[in-house]
Amino acid sequence: MAFTLPDLPFAKDALGDFMSAETLDYHHGKHHKAYVDKTNGMLAEKGLEGASLSEVIRAAKERGDKGLFNNSAQIWNHSFYWQCLAPAQGQKPTGKLAELIDQGFGSTTNLIGKLKEEAVGHFSNGWAWLILDQGALKITSLHDADTPLVHEGMKPLLTLDVWEHAYYIDYRNARPDFAEKVLSNIVNWDFVAQNLDGNGESRANQG
Ligand code: FE
């Protein structure tokens, strides 16, 4: 079965100036869609029809099939990313997530500062990640289409796309401004907290 482009979990204009409808038209409607279309176009020749998205990603990694890996991993990464965002309503981490953040980073402000540092310091295309590693929160980043799914012990909690296509329309070349605005205002902390169950992978999987 072919993979599909998941709907955005919010209206296209719901993120206001933090992430415009125009950015979402391109980023979701064109970039994310292209990864879906390209992956679907390869499944039959690779003998992977009927495999789930995560199975395709892992098979491509094992085979060293860069084209299939890059496109399929980007379907998953983007499907996860959209769920990490929500309209600005003053949302903050609560409960167990807030406790883990305080333990690991001292405060949510510090966590956001560290994530921003990782996002800004990441050279060229990639993704900044907050992950759960053996019960503790960790910040890291991965290059290009690379994804926590193929890294032992990396349970995905939150991600920020730092490819230029993620911010150029709204922020031009100002990645620090993009990271600051998004992380401080439109993170869906309830989704991040849900992923503490270690099942974040399943929330962007399909097939
Ligand atoms: Fe992207």
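We count ligands from 1, going down the list as the structure has it; atoms in each ligand are counted the same way. All heavy atoms count here, side chains included; hydrogens, waters and symmetry mates do not. Model, not experiment: these values are computed from the prediction.
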Check all N, O or S atoms of His165 and name the one closest to the Fe ion (ligand 1).
NE2
Determine which of the N, O or S atoms in Asp161 is closest to the Fe ion (ligand 1) and give its atom name.
OD2
Is the His27-Trp82 ring centre distance short of 6.0 angstrom?
yes
Hey, are the side chains of Asp190 and Gln91 touching, using non-hydrogen atoms and a 4.5 Å cut-off?
no
Does Asp13 use its side chain to pair, donor to acceptor, with the backbone of Ala21 at less than 3.5 Å?
no
Of all N/O/S atoms in His27, the name of the one nearest the Fe ion (ligand 1):
NE2
Checking one value in my table: which N/O/S atom of His78 lies closest to the Fe ion (ligand 1)?
NE2
Can a donor-acceptor pair be found between the side chains of Asp170 and Ser20 at a distance below 3.5 Å?
yes
